[in-house]
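Single-structure report; data block below.
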Amino acid sequence: MRLRTKARLAPVALVAAAALAACSTGGGTPDDAADGEVGGKITVWSWDGTIERAVDGFEDAHPGVEVDVVNAGSSFDQYQALDNAIQAGSGVPDLVMMEYFAVPYFAIPGKLADLTPFGADELEDDFVASAWNHVTVDDGVYALPSDFGPAVMFWNQDVFAQAGITQAPATWDEYYEAAKAIRALGPDHYIAQDSNDLFFLLSLIWQAGGRPFQVDGTTVSIDFTDAGTAKAVAFWQKMIDEDLVNTEIAAWSDDWNRALNDGSLASQNMGGWLTSTLPERAPDAAGAYRVAPMPQWEAGQQVGAENGGSAFGIPEAAGNKATAYAFLEYVTHGDGLDPRVEAGAFVPSTRVLESDEFRATENPYFGGQRTGEVLADVAATTATGWQYPPFFEWARSIYEDIASPLYSSGQGTLADVLETWKKRMVEYGNEQGFEVD
């Protein structure tokens with residue numbers, strides 16, 4: 001799940017794990033969790049409302065346990081609050097939600113507990129490979145995947161039909177041709193919008209085989225010139241240059257909702273989690289939309305990418321690790337998954353994604369399409385090997401300002417934007433104690 005924010009993250013400040021451990025208020029141990037010796041109250045920080053759906057079942061199974069789920073605000077607000085609590089040595093939650101890219105930010109300096117002693121490493125095969133990749137740092141497991149955003153294309157088949165297109169574009173070349181046909185429908189018609197969407201661009205690069213970030217502990221390499229990245233960036237630059245995407249409508253805005261609703265935006269490449277909110281944003285388009293894999297770079301390929309996703313970790317300074325891990329396992333891997341899925345969560349659990357019930361359910365908004373089947377297939381093909389730098393939360397907060405001149409007045413190119421972004425990341429990362437080049 002992805003939350004938009006323009007806030008600036010506080011400095012990373014590499015803090016020794018031992019110093020952070022001194023903030024701990026004690027509590028359960030890994031052995032306690034393994035033996036089922038859980039108890040007391042835990043506080044869970046989460047902006048995912050489906051987590052609360054699992055609380056009653058967990059408390060019923062563990063008499064005497066109390067789970068308090070707290071929405072600590074946007075992801076940025078929560079990260080700031082967690083850092084502040086750790087530094088103050090009080091108020092640290094027992095379990096905390098974070099986007100995948102934030103896991104190394106908290107794990108590398110020792111702010112998250114390694115969950116391997118609890119047996120978390122034994123769960124690897126029960127999660128989508130790409131999601132598992134995000135929660136492992138070096139030889140440790142620092143969180144368990146909670147939700148996942150396979151990158152897919154939501155397309156309005158009625159609008160495409162008006163342009164003479166009856167099937168979702170299977171390749172990016174077909175997408176380009178479709179974009180021109182839809183653009184010809186009228187001055188307000190576009191195949192999609194992009195008003196500075198970093199996460200879409202990264203998913204495009206990801207699918208093309210680009211791996212611009214390489215992280216080894218505190219050593220970070222950034223390169224936006226590799227073949228996969230260059231191919232993706234050049235293609236999307238062409239789409240912008242030829243006015244084939246709407247660069248004026250901002251995602252999540254009222255204008256965006258209206259355009260999706262009236263069909264002037266014919267599709268949207270985004271995380272699969274949009275399945276649950278598109279009906280609210282475009283109610284008049286019910287029955288017209290379908291979900292398809294993102295177009296491929298070569299015909300016949302089946303390569304997926306990711307756009308958003310979150311996990312839960314246990315702070316090293318948490319007071320009740322045993323109960324926190326028991327609840328964590330319950331909501332991401334155990335029986336707590338079912339009420340969350342019923343409430344609309346898209347989870348990276350192979351048990352759920354491979355189940356007949358999930359795959360066969362017909363979605364009335366999408367014309368009875370088995371959307372779960374499409375999303376599960378894309379999730380299974382998501383390419384692995386992608387990494388985020390441990391200061392990515394700060395990095396994404398400055399991207400919009402860097403890229404704004406390109407989208408607002410056509411100044412520069414995407415390649416220029418990425419090189420400027422790299423320069424800023426290198427400077428910042430080295431200032432924070434990382435080795436970045």
Side-chain angles (χ1 to χ4, degrees), residues 1-2 99-101 103 124-136 145-155 167-176 178 191-192 194 197-213 226-229 231-233 235-236 267-276 278 289-311 341 345-355 358-359 363 366 369-388:
M1 186 177 298
R2 176 158 56 89
E99 292 147 301
Y100 286 134
F101 59 73
V103 173
E124 178 177 358
D125 292 340
D126 298 329
F127 292 96
V128 171
S130 178
W132 188 258
N133 176 69
H134 288 309
V135 300
T136 56
S146 174
D147 62 59
F148 191 66
V152 293
M153 184 173 69
F154 297 86
W155 65 292
Q167 300 290 329
T171 66
W172 287 110
D173 286 340
E174 291 182 11
Y175 181 89
Y176 171 70
I191 194 170
D194 172 27
D197 188 344
L198 170 62
F199 284 89
F200 164 69
L201 180 61
L202 292 181
S203 68
L204 198 68
I205 291 170
W206 185 329
Q207 187 201 35
R211 297 294 181 269
F213 308 114
D226 66 88
T229 301
K231 176 170 63 175
V233 169
F235 173 77
W236 202 247
S267 71
Q268 189 74 42
N269 288 289
M270 196 163 274
W273 33 263
L274 186 63
T275 306
S276 63
L278 186 59
Y289 275 101
R290 297 292 185 272
V291 183
M294 280 211 309
Q296 299 292 305
W297 292 100
E298 300 291 339
Q301 284 185 332
Q302 292 183 338
V303 180
E306 188 181 303
N307 189 327
S310 305
V341 171
F346 185 83
V347 299
S349 161
T350 54
R351 170 177 70 82
V352 172
L353 299 183
E354 294 171 2
S355 69
F358 181 81
R359 297 177 67 87
N363 191 318
F366 292 91
Q369 183 186 20
R370 297 178 177 181
T371 55
E373 184 175 41
V374 177
L375 296 174
D377 287 345
V378 173
T381 63
T382 300
T384 58
W386 183 272
Q387 293 180 294
Y388 290 104

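Below, all heavy atoms of this structure are taken into account, side chains as well, without hydrogens, waters or symmetry copies. The structure presented is a predicted model; accordingly, all values stated were derived computationally and were not measured.
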Close side-chain approach of Phe148 to Leu375, heavy-atom, < 4.5 Å: no
Correct closest heavy-atom pair for Val352 and Phe358 would be O-CB, 3.3 Å
Decide yes or no for Thr275 and Asn363: does some side-chain heavy atom of the first lie under 4.5 Å from some side-chain heavy atom of the second? yes
Kindly indicate, with the supporting measurements, whether the criterion side chain to side chain contact (heavy atoms under 4.5 Å, CB included) is fulfilled by Asp126 and Arg351. CA-CA 7 Å; Asp126 298 329; Arg351 170 177 70 82; over 6 Å; no
Could you tell me whether a side-chain N or O of Ser267 sits under 3.5 Å from a main-chain N or O of Ile191, the two making a donor and an acceptor? yes
Looking only at side-chain N and O atoms, does Trp172 offer a donor or acceptor that is under 3.5 Å from a partner on Gln207? yes
Could you give me the CA-CA distance, side-chain angles and deciding distance for Val347 and Val341, then say whether side chain to side chain contact (heavy atoms under 4.5 Å, CB included) is met? CA-CA 7 Å; Val347 299; Val341 171; 3.9 Å; yes
Quick one, Pro169 and Met153 - any side-chain contact, counting heavy atoms below 4.5 Å? yes
Can you name the closest pair of heavy atoms from Pro295 and Asn269 and give their distance? CD-OD1, 4.1 Å
Evaluate the side-chain proximity of Tyr176 to Thr171: yes if any heavy-atom separation is below 4.5 Å, no if none is. no
Smallest separation among heavy atoms of Thr350 and Asp125, with atom names: OG1-O, 3.5 Å
Working to the nearest 0.5 Å, report the span between CG of Leu202 and CG of Asn307. 8.5 Å
Spacing of Leu204 atom CG and Met294 atom CE [to the nearest 0.5 Å]: 6.0 Å
What about the rings of Trp297 and Phe235, do their centers lie closer together than 6.0 Å? yes
Trp386 vs Arg211, side chain to side chain contact (heavy atoms under 4.5 Å, CB included): CA-CA, chis, key distance, verdict: CA-CA 6 Å; Trp386 183 272; Arg211 297 294 181 269; 4.0 Å; yes
Take a 6.0 Å sphere around CD of Gln301 and say whether it holds more than 12 heavy atoms from other residues, nucleotides or ligands. yes
Tell me whether Glu174 contacts the main-chain N or O of Ala170 through its side chain, where contact means a donor paired with an acceptor under 3.5 Å. yes
Give me the atom names and distance for the closest heavy-atom approach of Ala383 to Trp206. O-NE1, 2.8 Å
Minimum side-chain heavy-atom gap Val152-Phe154 below 4.5 Å: yes
Run the side chain to side chain contact (heavy atoms under 4.5 Å, CB included) test on Asp377 and Gln302 for me, step by step, so that the C-alpha distance in whole Å, both residues' side-chain angles and the decisive distance to 0.1 Å come before the verdict. CA-CA 9 Å; Asp377 287 345; Gln302 292 183 338; over 6 Å; no
Strictly by modelled atom types, are Asn133 and Ser130 linked by a side-chain donor-acceptor pair under 3.5 Å? no
With a 4.5 Å cut-off on side-chain heavy atoms, are Tyr388 and His134 touching? yes
I want to know whether Phe127 and Trp132 have ring centres closer than 6.0 Å. yes
Quick one: does Gln296's side chain get under 4.5 Å of Tyr175's, heavy atoms only? no
Between Trp155 and Gln167, is there a donor-acceptor pair closer than 3.5 Å when you use the side chain of the first and the backbone of the second? no
Any idea which heavy atoms bring Leu353 and Ala376 closest together, and the distance? O-CB, 3.5 Å
Rounded to the nearest 0.5 Å, what separation is found between the CD atom of Gln369 and the OH atom of Tyr289? 13.5 Å
Taking every non-hydrogen atom, the tightest pair across Tyr100 and Ala311: CE2-CB, 3.8 Å
Determine whether Asp147 and Trp273 make a side-chain contact, defined as any pair of heavy atoms from C-beta on separated by less than 4.5 Å. no
